[in-house]
2 protein chains.
Amino acid sequence: MGPWRIEFLSGSKDKSATRRENLRERLLDAAEVVIGDKGLSALKARDLAERAGCALGAIYTAFHDLDELILQVNARTLSQLEQALATPHEVPKKKKELRRLALGYLHYARANEPRWRALFEHRMPPGKPLPNWYADERSRLFMLLEAPLARLLPHGDAESRRLKARMLFSAVHGITVLGLEEKLAPTPEAALDGQLSDFMDIFLRGLNDGG
Amino acid sequence: MGPWRIEFLSGSKDKSATRRENLRERLLDAAEVVIGDKGLSALKARDLAERAGCALGAIYTAFHDLDELILQVNARTLSQLEQALATPHEVPKKKKELRRLALGYLHYARANEPRWRALFEHRMPPGKPLPNWYADERSRLFMLLEAPLARLLPHGDAESRRLKARMLFSAVHGITVLGLEEKLAPTPEAALDGQLSDFMDIFLRGLNDGG
DNA sequence: AGAACATAATGAACTACGTTCATTAAATGT
DNA sequence: ACATTTAATGAACGTAGTTCATTATGTTCT
């Protein structure tokens, strides 16, 4: 606990630390713009350096490699998504709430498609596993559905509710992914919304009637 | 209708055409091995040429670029998948048949994961849309579920049945994608099978009871 | 068969990318 | 003010996909 205190009091390493933090932010902001605009595949180290106003090599003083930077951008996307889906308060109509979450997911994906796609397109180089902090971030998405589902399913143990939540999220994700895939012969927005809404009806009806 | 006849009778362009076809096959076979073994990201032009026993540049006499070659491999994967899911004859228990298809999809994906992933990982370079023949191949996957679903849902028009089939496939795909994603904290195979089976129960129950 | 022509195969070279590292510049400590 | 530690720099490297002048191989005609 000593080091930061000494730095704070003396100001010794402080400036360089905040400069580095500044650079990280500038790089993340620039990367966010590129990924949000043209998608993950448009992210190029040289372009990024130019946008952030730093040298090419400076990227690697702020991040170990581009993968680390991309994961940070994805983490930002995940919290944006979480905020977009945030449940206002306690909700009386529980089914409605689950439908709202599913449609919210679809709407966020549609409105931020390249950013949202980056969450699933990005692959670590072989041998390097996802860092734990990132896996944790992602699992928060599932937990977002777990709470409303748990209220809807007072029967069953916590584990089976967790699995059902995951199942539901996966199905909604699949319908979203394939629904947004085809740019040609495009499914009209309202039609896809309707399909996802129908799906929620079907799924929730099936859940209830089965116990 | 003239040209091929003249070629056939004279044998003029015949050899070179079959040679080219041979090269295409060797390249596709080699690419299939690499993608099936190490995934799409392991496919390298120079390695491919070596495996196929041809020069680097020869790849581009057989295919316009690697994207075209990858799409051909994916087309092979799609027919393999179709064969794996082929319905034996007419099936009496329709729900069972749909569950068989869903589990068949999961099992194919699990048993051929890198190949199967390549179907969804590959992206065309910006500006180049998917060729129509490939989009058609892919839509055959959906039609595979459409027939059993149609038998299960005598009510409703053809279009709504088509949409339901697509919805069901998308949901199954989503559960498969996310279920196979996490190599760490791996869902045991039987557990994932059980979840997908449960999902089909829930979905089909919801379908029936809603009319 | 052999010359003239057409077609295909070749791999060095080009472009574009991520990453590294010897060099230069800046910040910090005395 | 100087010495020392720390950060920024961009040329250079390794690895990609793709191209194209050159070489080799077929095909056609006499």
Side-chain angles (χ1 to χ4, degrees), chain A residues 3 6-27 30-31 34-35 38-73 122-128, chain B residues 3 6-27 30-31 34-35 38-71 73 121-128:
Chain A
I6 292 168
E7 286 164 20
F8 177 73
L9 290 177
S10 68
S12 67
K13 309 255 177 178
D14 190 34
K15 289 228 190 73
S16 61
T18 59
R19 278 170 66 86
R20 187 212 213 53
E21 206 44 53
N22 250 341
L23 177 58
R24 280 173 72 94
E25 264 175 48
R26 280 186 353 255
L27 284 167
V34 173
I35 291 175
K38 304 279 181 189
L40 194 53
S41 64
L43 191 73
K44 303 292 145 82
R46 285 166 181 79
D47 175 58
L48 194 60
E50 193 170 1
R51 285 167 186 264
C54 72
L56 178 56
I59 295 174
Y60 300 88
T61 69
F63 298 94
H64 177 262
D65 55 22
L66 287 191
D67 288 316
E68 190 190 319
L69 182 143
I70 290 166
L71 289 184
Q72 297 284 352
V73 172
H122 179 253
R123 297 272 163 239
M124 279 287 157
K128 280 203 165 189
Chain B
I6 292 168
E7 286 165 18
F8 176 73
L9 290 177
S10 69
S12 68
K13 309 253 177 180
D14 189 35
K15 290 231 191 75
S16 61
T18 58
R19 278 169 66 87
R20 187 211 214 54
E21 205 45 52
N22 250 338
L23 177 58
R24 281 173 69 95
E25 262 175 50
R26 272 174 15 240
L27 285 167
V34 173
I35 292 175
K38 305 280 181 188
L40 195 51
S41 66
L43 191 73
K44 304 293 145 80
R46 284 166 182 79
D47 174 58
L48 193 60
E50 193 170 1
R51 286 167 185 264
C54 71
L56 179 56
I59 295 173
Y60 300 89
T61 69
F63 298 95
H64 177 263
D65 54 22
L66 286 192
D67 288 316
E68 190 190 318
L69 182 142
I70 291 166
L71 289 185
V73 173
E121 279 175 9
H122 180 253
R123 297 274 163 239
M124 279 287 157
K128 279 202 166 188

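We use all heavy atoms of the structure for the numbers below, so side chains are in, but hydrogens, waters and symmetry mates are not.
- When the nucleotides C:dC17, D:dT9, D:dG17 are ranked by their closest atom to the side chain of A:Ala58, D:dT9 comes out on top.
- Put simply, CD1 on B:Ile59 is 12 Å from P on C:dA9, counting in whole angstrom units.
- Under the 4.0 Å criterion applied to side-chain N and carboxylate O atoms, B:Lys38 and B:Asp47 are not assigned as salt-bridge partners.
- One interatomic measurement links the two molecules: CD of B:Glu21 to C1' of C:dA8, which rounds to 15 Å at whole-angstrom precision.
- In the set D:dG17, C:dT19, C:dT10, the nucleotide with an atom closest to the side chain of B:Lys44 is D:dG17.
- Residue A:Cys54 is the one, among A:Cys54 and B:Gly57, whose nearest nucleotide of DNA chain D lies closer to the 5' end (criterion: closest heavy atom).
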Please report the C-alpha distance between A:Lys44 and A:Val34 in whole Å, then the side-chain angles of each, then the deciding distance to 0.1 Å, and finally whether the side chain to side chain contact (heavy atoms under 4.5 Å, CB included) criterion is met. CA-CA 9 Å; A:Lys44 303 292 145 82; A:Val34 173; over 6 Å; no

For B:Leu23 and B:Arg20, what are the C-alpha separation, side-chain angles and deciding distance, and is it a side chain to side chain contact (heavy atoms under 4.5 Å, CB included)? CA-CA 5 Å; B:Leu23 177 58; B:Arg20 187 211 214 54; 5.7 Å; no

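- Taking atom CZ of residue A:Arg20 and atom P of nucleotide C:dA26, one finds them 19 Å apart after rounding to whole Å.
- When the P atom of C:dC17 is taken as reference, atom CG of A:Leu69 falls 16 Å away, rounded to whole Å.
- The side chain of A:Ala45 lies closest to C:dT19 when the candidates are D:dG10, C:dT19, D:dG17.
- Of the residues near DNA chain C, B:Leu23 and B:Arg46, the one whose nearest nucleotide (by heavy atom distance) lies more toward the 5' end is B:Leu23.
- Between D:dA8 and A:Thr61, a contact under 4.0 Å exists linking OP1 or OP2 to a side-chain N or O.
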Using the rule given for side chain to side chain contact (heavy atoms under 4.5 Å, CB included), can you reason through B:Lys128 versus B:Asp65, listing the C-alpha separation, both sets of side-chain angles and the distance that settles it, and then say yes or no? CA-CA 12 Å; B:Lys128 279 202 166 188; B:Asp65 54 22; 3.5 Å; yes

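- Heavy atoms of other residues, nucleotides or ligands lying less than 6.0 angstrom from CD of A:Glu50 number 12 at most.
- With C:dT19, D:dT9, C:dT10 as the choices, the nucleotide that has an atom nearest any side-chain atom of A:Asp65 turns out to be C:dT19.
- Contact annotation for B:Leu56: base contact, defined as any heavy-atom pair under 4.0 Å involving a base atom.
- Rounded to an integer number of Å, the gap from A:Phe63 CZ to D:dA8 C1' is 16 Å.
- Among the heavy atoms of the strands lying under 4.0 Å from A:Leu43 are primed sugar atoms or P, OP1, OP2 only; no base atom is included.
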